[in-house]
Every structure is written in C-alpha cells, then in structure tokens.
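In this text the structure is predicted, and so the values were computed from the model without any measurement.
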Amino acid sequence: MMKLRHIEVFHAVYQTGSVSGAARALHVSQPSISKVLRHAEAQIGFTLFRVVKGRLVPTEEAHLLFEEVSDLQGRIESLQETTRNLRRGGGGHLRLAVLPSLGLQVTPAAVAMCRKANPDVSFEIRTVHRVDILRSLYERNADIAVAYDAARHPRLADVRIGSGELVLLFRRQDIPDAPARLSVEALGGFDLIRLSGSGSIDTLAAGEIEAGRVARAAISVETYYVAAALVREGAGIAVVDEFTARATAGADLDYRPLARTSTFGVYCIHLVDRPLSRVAQAFVRAMQAAIEAGKA
C-alpha cells in the first residue's frame with residue numbers, strides 16, 4: 001500500500017517531470033526523493049517511472065494511478081490549509097463547486113467580499129457541469145454547491161440566494177437598436193446557439209426556443225460561456241442566463257431580457273448532515289448581496 005509520503009513524492013515527480021524538480025517543490029534533497037520513490041515502487045509491486053533518453057517518463061500504470069492520486073493530493077492540501085488557518089485562529093477553509101456561468105462574475109464577487117471581511121478565510125473553487133455538481137457534495141469534495149437547480153434529495157438542503165432571468169445575447173452590430181425586451185420569434189433570421197443540458201434552466205431556455213418556433217438551431221453547446229464566445233465570433237445568437245450575459249457583455253456584445261419573462265432560482269446547496277458553518281453562512285450572505293448588486 002502507498003503511504004501518504006509516497007503519494008506526495010509520486011505526485012511531485014509526476015507533476016515536475018524530474019526528481020530534482022520534485023525535490024525543489026517539496027524542499028527536500030534529491031536522494032530523499034529517490035529513496036521514497038524506490039520504496040513506493042517496492043510497496044506497490046510495479047515501476048512508476050523509467051529513464052528514457054535521459055528523461056524520467058511515467059509508466060502506463062503511473063498515468064492511471066495519477067488520476068486517483070491527484071484528487072487525493074488535492075484533499076490533503078485542503079486539509080493542510082484548513083489546519084494552518086485553525087492554528088492561526090483564522091476563519092477556516094471553504095470548498096465551492098460552482099457552475100461555470102456563476103463562476104464568471106457572481107461567485108468571484110462574493111468570495112472577494114468574504115475575503116475583505118475576513119482575510120484569514122481561504123477558498124477552493126471548482127467549476128463543474130450541472131451533472132457533476134451534486135456528486136461533488138456526495139463525495140465530499142465540496143462544502144457548498146452553487147447551482148440553478150434546487151436540492152431534490154433527502155440528503156441535501158439548499159438556501160435560495162436569488163433569482164435570474166433568461167436573456168438573448170447578441171452582437172451589437174447585428175441588432176443595433178434593440179428594444180428593452182426581445183422576442184425569440186422576431187429573430188428567426190439568425191442562427192441559434194442552443195444549450196444541450198437537461199437542467200431546469202436548460203429546459204426553460206428550450207421551451208422559449210420552441211415557443212418562438214426558431215428552426216435554425218445550428219450549434220449545440222454544454223456551457224453558456226462557450227455560447228457567448230460563439231456569439232462574439234458571429235456564429236449566431238443565444239438564449240443564456242443573465243449572469244453569463246452580464247459577465248461577457250461589452251463593446252461588441254449586448255443582451256436583452258426575453259419578451260416573455262423567464263426566471264429561475266439560484267441556490268447554495270449542502271449536505272443535510274453538514275450544516276452551514278459560520279464561514280459558509282457568511283458566504284451565502286455574500287452571494288445574495290452579489291446577485292442583488294448585479295441587478296442594480
């Protein structure tokens with residue numbers, strides 16, 4: 001079996017590509033790294049690295065092992081950071097799993113608020129797709145998930161932190177005098193960039209598109225920021241959430257809410273058996289403030 005020291009050294013050698021690089025990263029001597037690596041290989045019964053033309057090359061087994069080790073090493077580093085914060089008397093460590101669209105502007109603003117109020121609080125932020133966001137809670141890779149779908153499981157609880165609205169994102173040059181609201185029906189001459197997800201907001205967007213009878217859904221994507229990038233390149237228009245639109249709008253891109261108001265909720269989700277800590281509660285309040293500030 002690999003010990004924690006074996007994992008730390010293997011991860012460092014794999015990442016840096018050399019024993020010397022791992023030694024510098026871990027602030028130890030090269031002979032120490034080599035000794036731990038040899039001991040790890042003896043323990044697990046197979047070779048992790050081979051020397052090829054003077055370079056250290058991972059074996060196929062090492063590639064497979066790294067997928068597991070990388071996740072474990074991240075948890076170890078998170079534990080070490082939490083321990084350091086607690087030793088300093090700080091506020092702790094908060095791990096977030098956030099949808100990409102909410103990670104563009106709203107969540108960074110909330111994290112900045114929390115850090116300003118309590119600089120000793122540290123954060124670990126992962127952007128994940130909707131299908132993986134709840135798994136991050138079940139597997140305890142995150143303390144809070146920030147999503148558009150409310151928790152619908154007995155192991156989960158949620159706090160509604162605000163709401164959003166669907167909007168049409170477009171290039172200013174394509175619709176130079178856009179009215180206050182836009183109907184999907186009026187934009188039949190444009191190619192449509194469609195979201196392929198199955199979450200509540202994706203279903204809501206699909207319903208608007210179907211109601212508008214827009215036939216030319218030429219491109220399908222999984223994330224809203226990719227849809228925004230395609231709009232910027234002139235590939236079409238997209239129905240997206242207001243948070244993505246607000247974060248990507250500028251001199252070239254603009255957006256308008258839909259003629260038929262389509263709103264959705266935004267939630268902070270956590271495990272029932274892991275109630276929100278003081279730090280987590282402060283983050284929830286910051287998220288609520290960040291969402292409200294964006295609407296001002």
Side-chain angles (χ1 to χ4, degrees), residues 71 74 95-111 123-139 141-142 144-152 158 161-171 174 182 184 187 190-210 212 214 216-250 252-258 262-269 287 290-291 294:
D71 180 61
R95 299 170 302 163
L96 308 176
V98 184
L99 291 176
S101 56
L102 291 168
L104 290 171
Q105 191 176 70
V106 175
T107 300
V111 169
F123 286 86
E124 178 183 331
I125 307 170
R126 296 182 180 181
T127 53
V128 295
H129 291 299
R130 186 194 65 84
V131 293
D132 298 318
I133 202 162
L134 299 184
R135 184 189 307 164
S136 66
L137 292 172
Y138 295 147
E139 296 180 353
N141 292 324
I144 294 178
V146 185
Y148 295 134
D149 295 317
R152 293 184 176 87
D158 63 64
I161 56 174
S163 63
E165 186 174 1
L166 290 181
V167 301
L168 274 165
L169 185 66
F170 55 88
R171 293 194 303 176
D174 293 333
L182 283 170
V184 179
L187 301 174
F190 293 92
D191 286 337
L192 186 71
I193 300 160
R194 180 189 292 266
L195 274 295
S196 60
S198 58
S200 59
I201 185 172
D202 305 315
T203 302
L204 190 63
E208 288 295 330
I209 292 167
E210 292 301 323
V214 178
R216 296 170 59 184
I219 304 173
S220 177
V221 299
E222 291 186 354
T223 51
Y224 286 101
Y225 67 83
V226 174
L230 286 164
V231 173
R232 176 169 279 113
E233 295 299 325
I237 60 170
V239 178
V240 301
D241 64 284
E242 66 174 82
F243 305 110
T244 297
R246 193 180 304 136
T248 55
D252 54 346
L253 291 186
D254 201 357
Y255 66 94
R256 293 291 188 276
L258 297 176
S262 297
T263 59
F264 53 86
V266 186
Y267 303 86
C268 281
I269 308 170
M287 282 293 293
I291 290 174

Side chain proximity check, [X] to [Y], heavy atoms < 4.5 angstrom:
X    : Y    : result
D254 : F170 : yes
D241 : F264 : yes
L258 : L182 : no
V167 : R256 : no
F123 : R95  : no

Distance (rounded to the nearest 0.5 Å) between [X] [atom1] and [Y] [atom2]:
X    : Y    : atom1 : atom2 : answer
R232 : L230 : CZ    : CG    : 11.0 Å
T107 : I125 : OG1   : CD1   : 7.0 Å
L168 : F190 : CG    : CZ    : 10.0 Å

Give me the atom names and distance for the closest heavy-atom approach of [X] to [Y].
X    : Y    : result
V221 : A227 : CG2-CB, 3.9 Å
S163 : I291 : O-CG2, 4.0 Å
N141 : R126 : CB-NH1, 3.8 Å
L137 : A142 : CD2-O, 3.5 Å
V266 : F243 : CG2-CE1, 3.8 Å

Identify all side-chain donor-acceptor contacts of residues 96-105 below 3.5 Å with residues at least two apart in sequence or on another chain.
{"from": "S101", "atom 1": "OG", "to": "Y148", "atom 2": "OH", "distance (Å)": "2.8"}

Tell me whether E242 contacts the main-chain N or O of E165 through its side chain, where contact means a donor paired with an acceptor under 3.5 Å.
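Answer holds: yes.
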Ion pair present between D252 and R171, side-chain N to carboxylate O less than 4.0 angstrom?
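Salt bridge absent between D252 and R171.
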Tell me, with the steps shown, if I269 and I144 meet side-chain contact (heavy atoms from CB on, under 4.5 Å).
CA-CA 6 Å; I269 308 170; I144 294 178; over 6 Å; no
For A228, side chain to side chain contact (heavy atoms under 4.5 Å, CB included) partners two or more places apart:
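Testing A228 for side chain to side chain contact (heavy atoms under 4.5 Å, CB included), a comparison that skips the adjacent residues, returns L169, T244, T248.
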